[in-house]
Amino acid sequence: MRKLIWGIVEFREHQLPQYAAQFRELAGGQSPDTLFIACADSRVVPNLLVSTDPGELFTMRNVGNLVPPATSDGLSTGDLSEASAIEYAVTILKVANIVVCGHSGCGAMKAVLAAGALDDAPNLAAWLHHAAPAASRLKQEAALPAGLKPYDRLSQLNVLTQLEHLLTYPIVRAAVDGGALRLSGWWFDIATGDMYTHRPGTGSFEVIDRQLADRLIAGE
Ligand SMILES: [Zn+2]
């Protein structure tokens, strides 16, 4: 806590001057371009990783970057918190993008693979059921991509599963079908700092470097 409190003083005295005008303007409202869904893991820092300023990312974080699927009438089958963030982002903020971002070494994914590891955490065990379809996909894969641990491949497959869960929300499906909303699946490798993106139509993820960035932007 000592570090956090001194961090506030550091922000007030050294960082705030360069952000002051931006915050004054943002006090009147926000119009972020993207809903960014990430794990609560302390090593995943969305604004840092995509070089964004205050006001640019509407961020939802939870253990395992999960999205409980919706019923056909659009009600969440899990926690209302995630569904509320999705509704707010899509219907009120009208974001143009939703990114689901998984990461390497994810404790949630390790727990999904370690049966019985959560006997003392019944809420967490129930929550992680939303990743079960990804675990099934992992079992069906013939081989792991080179260099990936099983829990890291599970994390990538979990990103794809959560993108599918997003599409169970009628408001998301309608916005995607109407061309107003684009979904992306990303995966962050903590050791290298590389961000990968899922290549649609494949199960594979590719590093977003300058060349791929040009192609991704050209495809917009
Ligand atoms: Zn995680």
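Counting convention: from 1, in listed order, for ligands and their atoms alike. Just so it is clear, the structure is predicted and the values come from calculations on it, not from any experiment.
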- Which protein N, O or S atoms sit under 2.8 Å from the Zn ion (ligand 1)? Cys39 SG, His103 NE2, Cys106 SG

- Assess whether atom CG of Asp53 is packed by more than 12 heavy atoms of other residues, nucleotides or ligands within 6.0 Å. yes

- Message: Does this structure show an ion pair linking Glu82 with Arg61, if we count only N-O contacts that are shorter than 4.0 Å?
- Response: no

- For His130, does its backbone N or O pair with a side-chain atom of Gln162 as donor and acceptor, under 3.5 Å? yes

Using atom types as modelled, flag every donor-acceptor pair under 3.5 Å from a side chain in residues 84-93 to any protein atom, sequence neighbours excluded.
unit_1 : atom_1 : unit_2 : atom_2 : d
Ser84  : OG     : Leu80  : O      : 2.7
Thr91  : OG1    : Glu87  : O      : 2.6

- Query: Is any NZ, NE, NH1 or NH2 atom of the basic residue among Asp214 and Arg210 found under 4.0 Å from an Asp or Glu carboxylate oxygen of the other?
  - Reply: no

- Query: Is the number of heavy atoms from other residues, nucleotides or ligands under 6.0 Å of Gln22 CD greater than 12?
  - Reply: yes

